[in-house]
Structure formats: structure tokens, C-alpha cells
Number of protein chains: 2
Amino acid sequence: MVRAGLTADRLARVGAELADEIGFEQVTVSALARRVGVKVASLYSHLANSRDLKTRIALLALEELADRAADALAGRAGKDALVAFADVYRDYARAHPGRYAAAQFRLDPETAAASAGVRHAQMTRAILRGYDLAEPDQTHAVRLLGSVFHGYVSLELAGGFSHSAPDSQESWTRALDALDALLRNWRAPGPSPSP
Amino acid sequence: MVRAGLTADRLARVGAELADEIGFEQVTVSALARRVGVKVASLYSHLANSRDLKTRIALLALEELADRAADALAGRAGKDALVAFADVYRDYARAHPGRYAAAQFRLDPETAAASAGVRHAQMTRAILRGYDLAEPDQTHAVRLLGSVFHGYVSLELAGGFSHSAPDSQESWTRALDALDALLRNWRAPGPSPSP
DNA sequence: GCATCTGCCTAAAACCTTTAGGCAAATGCC
DNA sequence: GGCATTTGCCTAAAGGTTTTAGGCAGATGC
């Protein structure tokens, strides 16, 4: 009976790999046990239950994503920061679709409050420092940015933009250009013209 | 042995109700059988399998959503159409979270091509007729609109904007104002200033 | 060298999915 | 109306996932 040397952290890492390979939805305690070559019940010494496993994978993904975003943001400001930050999300989702899906997992409020999710919010606000927005506009802008990033990336991941012209990269660039322009002129929405 | 009068369509409708009550993820053939007061195996005369059930609920949701959007769009143009269309999505998601989640269910390509999903795409393009965009900008704009609508609604549904000032409705209105302004000035992104 | 602890095991119950085969009610035909 | 067929729901059963309980052996500590 050779010991496999399992820990909750290692299981979360293996679970994250599994998520990228078979999809976050398909990650089960059973599948994870098969992957690490151990009987199912053995995992319950390390994991409280199935939701606990998913939560750990989600936290891992949120942290990885926040680390990469922080790296990308270092030394950048304005549109440069905006684009670098956005690209981190998109690239991460494409390289690690299962982990990205995990990052969307609905955590209970206390867990969420202690997660890297708060770093994400802070970094989004940091980007907006380059655009000079006061509250409550800053919050509106945070929500809009989050919506576009998450919305675009998840639609792209769902295959929405694939295999049809123009290239998705082109639309992404245009979306970021548009956001930048929007943030620079935030205060001047202009009246709706009557054509 | 009283017959319950089940059909695939009726099961999809009951499944949709169930999704709104317990969440789309939790809709199982078993739960549906309990709800309609029938043994589990009986449903397999009407449904091919569990995925088939979810697919039918998804198609139903897509169609309901498309019907409402078409109603909202009738007789409107420009920003008026944009806001009405967007509100349909947001209101539907808040009134029927399970169905909205179902509408996100990944259909296989053939099913998707035959679904009401294509009407959604057509309607989005119809809105853009009020903004005078040529290809490929129209496609870029379709993708951006879809991203903002879906992104905002799903973040709001996930509880992202709840219980924190300012009100989510306010941010939504500002987001739509911003989109409208963006679409009106699509061709003028303007150069990035060096501060 | 022995006691304890830890890590993985077997066993088992509960639930979900899916298939196979049966019986009775509804339907259609003469 | 009587009979055959079809239809609709049933029981039975196998396979998979989740979770708990209890056991045994290897690692750790004095």
C-alpha cells in the first residue's frame, strides 16, 4: 500500500488540470480519484465533499488569474494597462477553459470575500485611475469593464465567434479600443439625436 | 394506472419551471419525474436522455427570449430599440434565472443552427440598422453588444452587483447610454492621448 | 522498540442515469 | 361491440457518483 502523498492543495491542482481537459462540470470526486490512482473514499480525508473540491479549484483559478493580472499591470497605465489586463483574462480563458469556468463558480459570500476575487476588483479600479473618474461613475465603469471582459470571453469560449469572419481577435481589439474611448470621454455621452 | 399525459414539450415546460425554482444545474430526470408524479423510467419514452431534457429546456428558453425581444423591438429604432432589447434580456434573466441559465447551455452545432439563437443574432443586427455601420464593423458591434448584455446580466445574476451602491439599475442605464454613444460615434475612436 | 497517528483501504447506503421487458388503457378496424 | 395494436406508465436491474463508517498498515515520535 504505497502512499500517494495527497493533500487538499495537490488535489485542487490536479482537479484544475482535469477541468482544463474534460471541463469543469465533469470534474467529480470519482474522476479525480481515478486520475490520482486512488480509491474514491480516500479523497474524503482531504476534501469535505464535492462542492469543497470545486471551491478549491475555483479559488486556485482566481488566484492564478489575479497573479497574472497583477504582473501584466505592473508598470502600465491608461489604455496600455486596460489592454494588458483584458488580454490576461482572454488568454487565460483560452489556455485554461476549465479553470476559467471554475473561476465563475458561485462561492458562498464569506469564501468569496476571502478569495482573490477582491484583488480583481481592486485591479479594475486601479486601471480606472488612468481615466480620472469620480464615484459613482467609477463603479459604473468597473461594472461595465467586468461585463465586457467576462461577456466577450465567455461568448468566445462558448464558440460564439469562431469560424466566422471577421477574426475574433479583430473584434476584441475593436472592443478594447471602444472601451478606451468610452472611458476617456465618460462625461460626454451626448444627447440622442432625432434623425 | 391513470395516464399523466406526458409529452416532450410538456416535460420541457415543467423542466423550465423547475429550473427557475431550483437552478438549471439541479434539473435532473429524477427531479422532473418527482415533479410530474411519475416513475423515472417513464420519462425515457419521451426524452432520449438527460442531455436531451436540458437541450429542450434551452430551446424553450431561447424561443421565449426571442419572442419577447421581437415584441420589444416592434416599432422601435435607434437607442429606443437598443434599450428595449437589452431590458428584455435583463428582465428575463431576473424573472427566470433558471431559464436564462438554460439559454446558455452549449447546444451541438446543428441544434444551435436550428434554434431561436439565429433570431437573436438577426435582431441584434436589426438594432444596428439604426446606427449605420458597414461590415466588418457591424459584426464587431454585434459581438460587443452581445458581450455587454450577456456579461452584465450574468454578473448581476451571480450577485456581483448586489447590495452595494450605486444601484445596479443605475449602472445598467449608464452602460446602455455608453453603448449608444459608442455606436453613434463608432468611426471616431480618437487617438490615445499622452498625459 | 513500542504507541500513536496518518493515509489509504473495503464496505455499504443513497441517489441519478439508462435499458429491458411487462401490463393495462386507449385507439382503430371490422 | 369485439379484437388487435399501439401507447403510456410500470417494475426490475445494472452501472456510476456521493458520502459515511470502520479497518489495517506504514510513517512518526518518544
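A note on names: the letters A, B, ... follow the listed sequences, proteins ahead of strands, and every chain is numbered from 1. Any value given below was found using the heavy atoms of this structure, including those in side chains, with hydrogens, waters and symmetry copies removed.
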**OP:** Taking only the side-chain nitrogens and oxygens of A:Ser42, find out if one of them lies under 4.0 Å from OP1 or OP2 of C:dC9.
**Re:**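 Affirmative; the distance criterion is met.
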Original post:
Quick one: is C:dC15 close enough that its OP1 or OP2 comes under 4.0 Å of any side-chain N or O from B:Thr28?
Top reply: no
Without decimals, in angstroms, what is the distance between [X] [atom1] and [N] [atom2]?
X       : N      : atom1 : atom2 : result
B:Leu6  : D:dC10 : CG    : C1'   : 13 Å
B:Tyr44 : C:dT18 : OH    : C1'   : 5 Å
A:Arg10 : C:dC8  : CZ    : C1'   : 13 Å
B:Lys39 : D:dT11 : NZ    : P     : 5 Å
A:Lys54 : D:dT17 : NZ    : C1'   : 11 Å
A:Gln26 : D:dT18 : CD    : P     : 11 Å
A:Leu32 : C:dC8  : CG    : P     : 12 Å
B:His46 : C:dT18 : NE2   : P     : 16 Å

Original post:
Taking the six-membered ring for Trp, are B:Trp172 and B:Tyr152 parallel (under 30°), tilted (30 to 60°) or perpendicular (over 60°)?
Top reply: tilted
**OP:** Would you please classify the geometry between the A:Phe149 ring and the A:Phe85 ring as parallel, tilted or perpendicular, with 30° and 60° separating the classes?
**Re:**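 Rings of A:Phe85 and A:Phe149: tilted, as their planes differ by 30° to 60°.
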Tell me which nucleotide among [options] gets nearest to the side chain of [X].
X       : options                : answer
B:Arg34 : C:dC16, D:dC9, C:dT18  : C:dC16
A:Asn49 : D:dT19, C:dT17, D:dT18 : D:dT19
B:Ser45 : D:dC9, C:dT18, C:dC9   : D:dC9
A:Ser50 : D:dC9, D:dT18, C:dC8   : D:dT18

**OP:** For A:Arg51, answer base if it contacts any base atom (sugar-phosphate contacts may also be present), sugar-phosphate if it contacts only those atoms, and nothing otherwise; contact means non-hydrogen atoms under 4.0 Å.
**Re:**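 The residue A:Arg51 makes no contact with any strand.
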Original post:
Which part of the nucleic acid does B:Ala41 contact within heavy-atom distance under 4.0 Å: base, sugar-phosphate only, or nothing?
Top reply: base
**OP:** Would you tell me whether B:Gln138 and B:Arg129 have side-chain atoms, one donor and one acceptor, within less than 3.5 Å of each other?
**Re:**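 Checked: B:Gln138/B:Arg129 side chains show no N/O donor-acceptor pair below 3.5 Å.
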**OP:** State, yes or no, whether a side-chain contact exists between B:Leu183 and B:Leu145 at a heavy-atom distance under 4.5 Å.
**Re:** yes
Original post:
How about B:Tyr100 and B:His96: are their ring centroids closer than 6.0 Å?
Top reply: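 Between B:Tyr100 and B:His96, the centre distance exceeds or equals 6.0 Å.
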